[in-house]
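Just below is one structure, and these are the notes that go with it.
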Amino acid sequence: MKQKFLDLLPPLTVAVVLLFWGAAPKAWVDTWWVLMAVILGVLGFVQLMEYFAERHEGWRLNRTEFFTDIFYVAFGLTVIAWASTALAEPWVLAAKKALGITTPWLADLPFLVQAMLAMLLFEFGQYWMHRLMHNNSWFWATHAPHHHLTQLNAMKGYVGNPIELFLISLGVVALFDWDKAAVFAAISVSITVVIFAHANVRANPPIWYSFFFTTIRHHSLHHTAMSYEDTRCNYGNSLILMDRIFGTYKDGESTIVGQGERKRLSIPQQWVFPFQPLIDRMRARRDQASSTINK
Ligand SMILES: [Zn+2]
Ligand SMILES: [Zn+2]
């Protein structure tokens with residue numbers, strides 16, 4: 001496949017997603033199913049591209065990786081999506097009411113402007129949440145399982161500890177009165193960029209794209225196995241622009257990703273990871289108590 005075409009794949013996919021929501025009939029915007037279908041469609045497409053235009057042989061999917069990824073995509077699109085909408089959104093809506101925020105003019109702005117604003121607002125929160133996760137030990141414990149990934153693939157953006165996945169899904173977009181299609185466009189574009197930023201695809205988009213949007217080059221460096229310190233850059237999940245603005249941008253790329261000894265974590269290990277020190281302490285105390293009794 002022509003390299004030039006491959007390099008244009010991320011911007012082309014983003015353009016198709018935007019065109020889709022720009023032209024979507026109202027009925028499609030009133031249901032979550034179409035949004036889910038768009039995300040799954042992009043995921044399937046990029047996953048397929050990993051097969052046709054592989055970036056690193058060492059990141060090739062095996063069965064364990066594939067089924068782990070599938071599990072997390074299903075978990076993200078059901079449980080996490082539900083938790084975010086049912087548990088967090090009512091608080092945002094209550095705050096909107098209490099603060100008397102009304103922005104009826106917003107829905108009259110052009111579709112693209114709204115989609116861009118919604119994405120900027122959401123990404124601003126994501127950037128600081130992600131940065132916090134790399135600056136606070138408790139938050140890091142929830143995010144570390146995502147960094148223990150030893151290879152990157154299209155679905156890997158969905159892989160992580162459930163607490164982290166919930167935290168990173170939070171946003172204040174619901175404070176304002178958008179055209180729903182623009183919000184769906186912003187969500188779909190963000191996810192599309194995140195999918196490409198984790199994908200084992202030989203695409204290096206041109207600077208007019210990679211100046212604003214996160215690419216696999218930026219994000220593989222964020223996942224680098226060099227050291228924990230070296231991961232503290234390129235926090236923008238889909239807008240690398242945030243790093244350029246807030247001074248955390250670093251150029252480069254990493255083929256070897258992971259943490260510490262580069263041990264791959266299983267799903268149960270990813271889930272108990274933040275509680276592991278507590279479990280270890282309790283075990284040590286129990287062992288100490290039983291050895292005292294045995295004496
Ligand atoms: Zn990170
Ligand atoms: Zn990642």
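Numbering of ligands and ligand atoms starts at 1, following listing order.
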(request) Start with the C-alpha distance between Glu123 and Leu241, add both sets of side-chain angles, then the distance that settles side chain to side chain contact (heavy atoms under 4.5 Å, CB included), and finish with yes or no. (result) CA-CA 10 Å; Glu123 272 296 304; Leu241 182 69; over 6 Å; no
Vertex the Zn ion (ligand 2), ends His219/NE2 and His198/NE2: angle to nearest 10° comes to 90°
Practice item. Kindly determine whether Arg60 and Glu65 satisfy salt bridge (charged side-chain N to carboxylate O under 4.0 Å, His left out), including the steps that lead there. Key: CA-CA 9 Å; Arg60 195 174 294 167; Glu65 291 291 339; over 6 Å; no
Got an N, O or S from His147 under 2.8 Å of the Zn ion (ligand 2)?
no
- Is the Zn ion (ligand 1) less than 2.8 Å from at least one N/O/S atom of His143? yes
His222 NE2 to His134 NE2 via the Zn ion (ligand 1), rounded to 10°, gives 100°
The atom name of the N, O or S atom in His130 nearest to the Zn ion (ligand 1) is NE2
Can we call the ring centroids of Trp105 and Phe176 under 6.0 Å apart?
no
Q.
Under a 3.5 Å threshold, yes or no: a donor from one side chain and an acceptor from the other, between His146 and His130?
A. no
Correct closest heavy-atom pair for Tyr209 and Pro205 would be CD2-CB, 3.4 Å
N, O or S atom of His223 closer to the Zn ion (ligand 1) than 2.8 Å: no
